[in-house]
Amino acid sequence: MKNVPGKLSFTIDGWTSPNVISFLGITCHYIDDDWKIQDILLDFVSFMEPHSGENIANAFAKSLQEMNVLTKVSNNLIKFFFFLNI
């Protein structure tokens, strides 16, 4: 992911299984050197906290840090994480 030219975009999808276990799926999207859109499942995490925006942002930031891709996201997103003390 670090070698991807340009920035990365993300989608987050939260859902609850039939046995009431919550998850977050984090997908990464980017355009490769051949100008083709690529999609990768970046992380799939169990999510036991209340589904507030702040808790989702914390889980998202943690995944970006663990995957070591914070340098590939928008500066505005990094400022937002800093604002939340993530």
Side-chain angles (χ1 to χ4, degrees):
M1 303 297 308
K2 286 183 177 181
N3 297 330
V4 171
K7 299 290 184 184
L8 304 173
S9 295
F10 302 92
T11 53
I12 300 173
D13 185 28
W15 58 276
T16 303
S17 69
N19 54 346
V20 194
I21 300 173
S22 296
F23 297 95
L24 281 181
I26 302 171
T27 309
C28 178
H29 315 274
Y30 64 93
I31 298 174
D32 67 15
D33 290 330
D34 296 323
W35 287 92
K36 293 183 181 175
I37 296 175
Q38 302 294 325
D39 305 299
I40 296 173
L41 179 62
L42 186 67
D43 208 353
F44 189 79
V45 296
S46 176
F47 193 70
M48 304 310 288
E49 296 84 15
H51 298 166
S52 69
E54 186 172 347
N55 288 339
I56 293 169
N58 284 327
F60 179 51
K62 181 179 177 187
S63 291
L64 293 182
Q65 289 171 334
E66 289 174 357
M67 300 297 169
N68 202 23
V69 294
L70 271 177
T71 59
K72 299 297 289 182
V73 300
S74 165
N75 288 335
N76 289 333
L77 186 58
I78 293 170
K79 289 175 187 175
F80 176 70
F81 290 152
F82 179 75
F83 175 75
L84 290 178
N85 256 348
I86 298 174

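Quick note: numbers below take in every heavy atom, side chains included, and nothing from hydrogens, waters or symmetry partners. Throughout, residue positions are numbered sequentially from 1 according to the sequence presented.
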*Asks:* What closest approach, in Å, do Ile26 and Ala59 show between heavy atoms, and which atom pair accounts for it?
*Replies:*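 Scanning both residues, the minimum pair turns out to be CD1-O, 4.5 Å.
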*Asks:* Leu24 versus Phe60: any side-chain heavy-atom pair under 4.5 Å?
*Replies:*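 Not touching, per the 4.5 Å side-chain cut-off.
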*Asks:* Roughly how far, to the nearest 0.5 Å, is CG of Leu64 from SG of Cys28?
*Replies:*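 These two atoms lie 8.5 Å from each other.
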*Asks:* State, to 0.1 Å, how close Met67 and Leu42 come at their nearest heavy-atom pair, and which atoms those are.
*Replies:*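 It is CE-O, 3.2 Å.
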*Asks:* Which heavy atom in Asn55 sits nearest to a heavy atom in Glu49, and how many Å separate them?
*Replies:*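 The pair with the smallest heavy-atom distance is ND2-CB, 3.6 Å.
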*Asks:* Could you grab the distance from atom CG of Leu41 to atom OG1 of Thr11, nearest 0.5 Å is fine?
*Replies:*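 Between Leu41 CG and Thr11 OG1, I get 9.0 Å after rounding to 0.5 Å.
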*Asks:* Examine Ile12 and Ile21 and state if one hydrophobic cluster contains both, with Ile, Leu, Val, Met, Phe, Trp and Tyr joined whenever side-chain heavy atoms are less than 4.5 Å apart.
*Replies:*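 No: no chain of side-chain contacts under 4.5 Å links Ile12 to Ile21.
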*Asks:* Judged by atom type as modelled, is there a donor-acceptor pair below 3.5 Å linking the side chain of Asp34 to the main-chain atoms of Lys36?
*Replies:*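 Judged by distance alone, no pair lies under 3.5 Å.
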*Asks:* Taking the hydrophobic residues Ile, Leu, Val, Met, Phe, Trp and Tyr, and joining any pair whose side-chain heavy atoms are under 4.5 Å apart, which ones share a cluster with Ile31?
*Replies:*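 Ile31 clusters with Trp35, Ile37.
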*Asks:* Please name the pair of heavy atoms, one in Ser46 and one in Phe23, separated by the smallest distance, quoted to 0.1 Å.
*Replies:*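 Ser46 and Phe23 have their closest heavy atoms at CA-CD2, 3.9 Å.
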